[in-house]
Amino acid sequence: MRTSQYLLSTMKETPADAEVISHKLMLRAGMIRRLASGMYTYLPSGVRVLRKVEQIVREEMNKAGAIEVLMPLVQPAELWQESGRWEKMDAELLRFVDRHQRDFVLGPTHEEVITDLVRREITSYKQLPLNLYQIQTKFRDERRPRFGVMRAREFLMKDAYSFHLSQESLQQTYDAMYSAYCNIFNRLGLDYRPVLADTGAIGGSVSHEFHVLAASGEDAIAFSDTSDYAANIEMAEAKAPAGPRPAPTQQLTQVATPGAKTVAEVAALLQQPASQISKTLIVYAAKASDDAPQTLVALVLRGDHELNEIKAEKLPQVASPLVFASEEEIRAVMGAGPGSLGPVKCPLPLIVDRSAAHLADFSCGANQDGFHLTGVNWDRDVTDYQVADLRNVVEGDASPCGFGKLVIKRGIEVGHIFQLGDKYSQAMKAGVLNEEGKHQIMTMGCYGVGVSRIVAAAIEQNHDERGIIWPDAIAPFQVVLIPMNMHKSVRIAEATELLYQQLTAAGIEVLFDDRKERPGVMFADMELVGIPHHIVIGERNLDNRQVEYKNRRSGATELLAIDEVLAFVNQQLKR
RNA sequence: CGGUGAUUGGCGCAGCUUGGUAGCGCACUUGGUUUGGGUCCAAGGGGUCGCAGGUUCAAAUCCUGCAUCACCGACCA
């Protein structure tokens, strides 16, 4: 490709609304342009990278035995009503009507469509297991699109769905997908980790996320510093502190704490660390039946810990989704407002986090505005309570695997695999005849890769102050030819032309910068775009039949005999 | 969904307080100059000042409403 025939569209300045590095660089390097909030047009360089990622994903899926299909982006509402997600999903599901007043959605994912397809096509156990995938645009009307294509509303995703009659078969495919994903991210050249994950709204049991490690990642991941344990922080179990709880040494005392409401204020007033103070959160209790009156539950945490809403929701006593009680609701039962609450003489059922339950002589609200209690002790001052894991793990906690301590890092979720079970197949009655000739509901797995998000994640991990540094596998071009003053020098033009033809004929993706630009402009543009291998053709070196090679990542340069360029590039690309 | 802020040429911004001929840098076009790291000089083209309404002799500027976009938050006890 010659730049004169290409749409390079690089920019010196960054549009003001770009926040993260990948977003800025994708705009500046001419990969994307914003059309509306969370929706982007891909320019030629962007498409090239996107297609490469897509192709690697496709090859590894095929290798792992999955079969490609393509389903519509627009889906009829009936399927979503059948699965129950029409009511369950909120505004994230974009709905609209066609000219016949029929309801449709823009597919945020394709469980319903694939389950509908499979229940029609698959009738016998002999046809199982089956793993179908597609690479298709999705639309999720995100609450808050941000970071360019990293959290866009419209994005490209590979999604696969597998169908089985037994857990063993599902596990086999799940394992195959796990290793296919490792192959994908290895080939992409990214620093990634598979981590244990919560199954969230999609449902199911076993689940792993694949994260590209980057400081700008939206997710926190907990790693053991000695084993290979890794889990999303939402999922990581907070173990009870080691050893027995210290014995009480202090008397229960009420102290006036006028105006002190937050843990920080109370800690300052009482001259105690936040870890010696408990905080009490009031949330909705789970209802026994739909028409039962709403009751409340009190959750108790150490002052320096955060509630993990996912863990709380999973408790049978707690309403799901989690709802915090309003101040009026709290006052009606507790007789005091938020900021003065505590477990002593608490009229609500108490659920205490493991770490909070390990405290002795701690402080808490007195359930009377403007007062706190000190010297509080479990079992002496509070008798009726239950202990559970309620909090997010923090750096330095004991690892749940039993080995080492936890380290917290940030990651970008680029892949997610689930064992779904029969959630969709049951709701949509997708079954086959088994060996005994009896109807049996299939069990399912689903496996996603965020193709467009990978592009952004790769940049987050591979850039410097001059621009993008593409891994060879996904670079828009592998090699760029940069001639010095080609428009004045026939020798340069001829030598560059020859190299261009040689490399192109060898199947290498070459960009030939034939613009009538000054050298500095070409260098700057090609570094911004991130092409991994640069060949500079200049008069001086040409006298010795040499050209200069420059590696974008290392910055190292060396002189090459002009006849050796092809062999050298092949070796660089490990072909 | 709540809070804050922005909207002036393709991009980045000034002008608005105190109403009176719409400006700067980059980019673009033409000519010259320069040529191994975003040269320099000159001459040009390009703007319904987000939209609608109001105040005024006069509105980018003041007032009202709307739209779009961005950032922050969604632990608060």
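Protein chains get the first letters and strands the later ones, always in sequence-line order, with residue 1 at the start of each.
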Decide yes or no, distance alone: a donor-acceptor N/O pair under 3.5 angstrom between the base of B:rG37 and the side-chain of A:Lys550.
-> yes
With a 4.0 Å cut-off, would you call A:Glu218 and A:Arg146 a salt bridge?
-> yes
Carboxylate-amine/guanidinium proximity below 4.0 Å for A:Lys311 and A:Asp353 = no
Identify whether any heavy atom of A:Gly339 sits under 4.0 Å from a base atom; if not, whether one sits that close to sugar-phosphate; answer base, sugar-phosphate or nothing.
-> sugar-phosphate
Look at the side-chain N and O atoms of A:Arg518 and state whether any lies under 4.0 Å from the OP1 or OP2 oxygen of B:rU35.
-> no
Taking only the side-chain heavy atoms of A:Asp17 (C-beta and beyond), determine which of B:rA77, B:rC71, B:rC69 contains the nearest atom.
-> B:rC69
Winner on side-chain proximity to A:Glu548, out of B:rA77, B:rG36, B:rA74, is B:rG36
Considering only atom P, compute the distance from B:rC62 to B:rU17 and round it to an integer number of Å.
-> 5 Å
B:rC13 and B:rG9, which share atom name P, separated by this distance in whole Å | 12 Å
Roughly, in whole Å, what's the span from CG in A:Leu8 to P in B:rG38?
-> 18 Å
Spacing of the C1' atoms in B:rA43 and B:rA6 (rounded, Å) = 36 Å
Would you mind reading off the distance between A:Glu142 atom CD and B:rA74 atom C1', rounded to a whole angstrom?
-> 15 Å
ring-ring contact (aromatic ring centres under 6.0 Å, His included) evaluation trace for A:Trp378 with A:Phe362 = CA-CA 9 Å; A:Trp378 298 111; A:Phe362 64 96; 5.1 Å; yes
Under 4.0 Å: is that the gap between some side-chain N or O of A:Ser37 and OP1 or OP2 of B:rA70?
-> yes
Is any N or O donor-acceptor pair between the side chain of A:Asp525 and the base of B:rG37 shorter than 3.5 Å?
-> no
Would A:Asp304 and A:Arg391 pass as an ion pair if we require N to O under 4.0 Å?
-> no
Just checking A:Arg34: base, sugar-phosphate only, or nothing, at a heavy-atom cut-off of under 4.0 Å?
-> sugar-phosphate
From CE of A:Met522 across to C1' of B:rU35 the rounded distance in Å is 9 Å
Answer with yes or no whether A:Glu539 presents, from its side chain, a donor or acceptor under 3.5 Å of a partner atom in the base of B:rG36.
-> no
Distance between the C1' atoms of B:rG19 and B:rG12, in whole angstroms?
-> 27 Å
Provide, to the nearest angstrom, the distance between the CG atom belonging to A:Leu322 and the P atom belonging to B:rA77.
-> 14 Å
Atom-to-atom span, CG of A:Leu350 to P of B:rA77 - whole angstrom | 18 Å
Give each protein N/O atom lying under 3.5 Å from an N/O atom of nucleotides 25-30 of chain B, with the pair distance.
unit_1: B:rG25; atom_1: N2; unit_2: A:Glu13; atom_2: OE1; d: 2.8

Can you check the A:Glu92 CD to B:rC1 C1' distance for me, whole Å?
-> 14 Å
Distances for protein N or O near nucleotides 42-51 of chain B N or O, under 3.5 Å:
none

Sorted by number, the residues of residues 475-491 of chain A with heavy-atom contact under 4.0 Å to RNA chain B = A:Met484, A:Asn485, A:Lys488
A:Glu460/A:Arg453 salt bridge by N-O under 4.0 Å criterion = no
